Amino acid sequence: QVQLVESGGGLVQAGGSLRLSCVASRSIFSISYMAWHRQAPGKQRELVAIISRGDSTNYAEFVKGRFTISRDNAKNTVYLQMNSLKPEDTAVYYCTGPGLGWGQGTQVTVSS
């Protein structure tokens, strides 16, 4: 079972930035895609961004132009750069990939 460890969350003011990291316990090079999801209190988990093995990316409409997903296969790490954060971005952020399960997530709190 691959372990995924997310980090980089915290408390930030609206308009600020955070960079999330997700480290996998084994190589992600062959994994077809990796994704970031988030879950706000009382809401369902939702897809935020996805990156393919070939580095193609797709984003949810609500983060387009503000968030950037990237991957470093040599470090078994996926990143989520989050800029221009809004209070509605407050959530626990998780990374995953096909068959990888879920990590514990990292809390992002954006104050107004």
Side-chain angles (χ1 to χ4, degrees):
Q1 182 75 12
V2 176
Q3 287 189 321
L4 299 170
V5 180
E6 300 94 340
S7 64
L11 174 64
V12 64
Q13 288 189 333
S17 299
L18 286 172
R19 188 195 195 201
L20 307 184
S21 298
C22 169
V23 180
S25 59
R26 69 159 175 83
S27 174
I28 61 171
F29 176 76
S30 62
I31 297 175
S32 58
Y33 68 86
M34 295 291 293
W36 283 96
H37 290 72
R38 71 185 187 187
Q39 187 167 19
K43 295 188 177 181
Q44 289 190 331
R45 195 169 296 186
E46 59 186 358
L47 177 66
V48 174
I50 189 167
I51 184 166
S52 73
R53 189 169 62 184
D55 288 340
S56 295
T57 58
N58 277 290
Y59 298 91
E61 282 297 324
F62 51 79
V63 303
K64 275 186 180 178
R66 299 189 298 124
F67 291 10
T68 302
I69 188 172
S70 60
R71 62 194 290 170
D72 185 338
N73 293 327
K75 296 182 179 180
N76 301 336
T77 301
V78 182
Y79 302 99
L80 187 68
Q81 177 67 44
M82 307 187 297
N83 299 327
S84 302
L85 283 162
K86 305 175 181 180
E88 51 263 45
D89 294 319
T90 294
V92 179
Y93 284 72
Y94 304 87
C95 74
T96 193
L100 298 184
W102 300 93
Q104 291 187 325
T106 185
Q107 175 71 48
V108 172
T109 304
V110 184
S111 63
S112 57

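Predicted model, so just to flag it, every value in this text is computed and none were measured.
- Residues V63 and V12 are members of one and the same hydrophobic cluster, defined by side-chain heavy-atom contacts under 4.5 angstrom among Ile, Leu, Val, Met, Phe, Trp and Tyr.
- Judged by distance alone, the side chain of R45 and the main-chain N or O of Y94 form no donor-acceptor pair under 3.5 Å.
- Taking SG from C95 and CZ from R71, the interatomic distance works out to 11.0 Å, rounded to the nearest 0.5 Å.
- A heavy-atom distance below 4.5 Å is found between the side chains of D89 and R38.
- Counting all heavy atoms, side chain and backbone alike, V108 lies closest to G9 at CG2-CA, 4.1 Å.
- Side chain of T96 to backbone of G101: a donor-acceptor contact under 3.5 angstrom is found.
- By the rule that hydrophobic residues join a cluster once side-chain heavy atoms approach within less than 4.5 Å of another member, V2 and I28 end up as members of one cluster.
- The two residues L11 and S111 have their closest heavy-atom pair at CD1-CB, 4.4 Å.
- One hydrophobic cluster, built from ILVMFWY side chains closer than 4.5 Å, cannot hold both V5 and L80; they sit in different ones.
- Atoms OG and CG, from S17 and N83 in turn, are 3.5 Å apart once rounded to the nearest 0.5 Å.
- Atom CD of Q3 sits in a sparse spot, with 12 or fewer heavy atoms from other residues, nucleotides or ligands closer than 6.0 Å.
- Once rounded to the nearest 0.5 Å, the distance linking CG of D55 with CG of N73 reads 7.0 Å.
- Side-chain N or O atoms of Y59 include one that pairs as donor or acceptor with a backbone N or O of I69 at under 3.5 Å.
- Distance CD1/I51 to OG/S32: 12.0 Å, rounded to 0.5 Å.
- One distance of note links CD of Q13 with OG of S112; it measures 9.5 Å at 0.5 Å rounding.
- Using a distance-only test at 3.5 Å, with no hydrogens or angles considered, no donor-acceptor pair links the side chain of E6 to the main chain of L20.
- Counting non-hydrogen atoms of other residues, nucleotides and ligands closer than 6.0 Å to CD of Q107 gives a total above 12.
- In the hydrophobic cluster analysis, where Ile, Leu, Val, Met, Phe, Trp and Tyr join through side-chain heavy atoms closer than 4.5 angstrom, Y79 is grouped apart from L85.
- Looking at K75 and V23, their side chains never come closer than 4.5 Å, going by heavy atoms from C-beta outward.
- The aromatic rings of F67 and Y93 sit tilted, their planes meeting at an angle between 30° and 60°.
- Interatomic distance, S25 OG to L100 CG, rounded to the nearest 0.5 Å: 8.5 Å.
- Side-chain atoms of H37 and W102, non-hydrogen and from C-beta on, do get closer than 4.5 Å to each other.
- Residues V92 and L47 do not share a hydrophobic cluster, defined by chaining ILVMFWY side chains whose heavy atoms lie under 4.5 Å apart.
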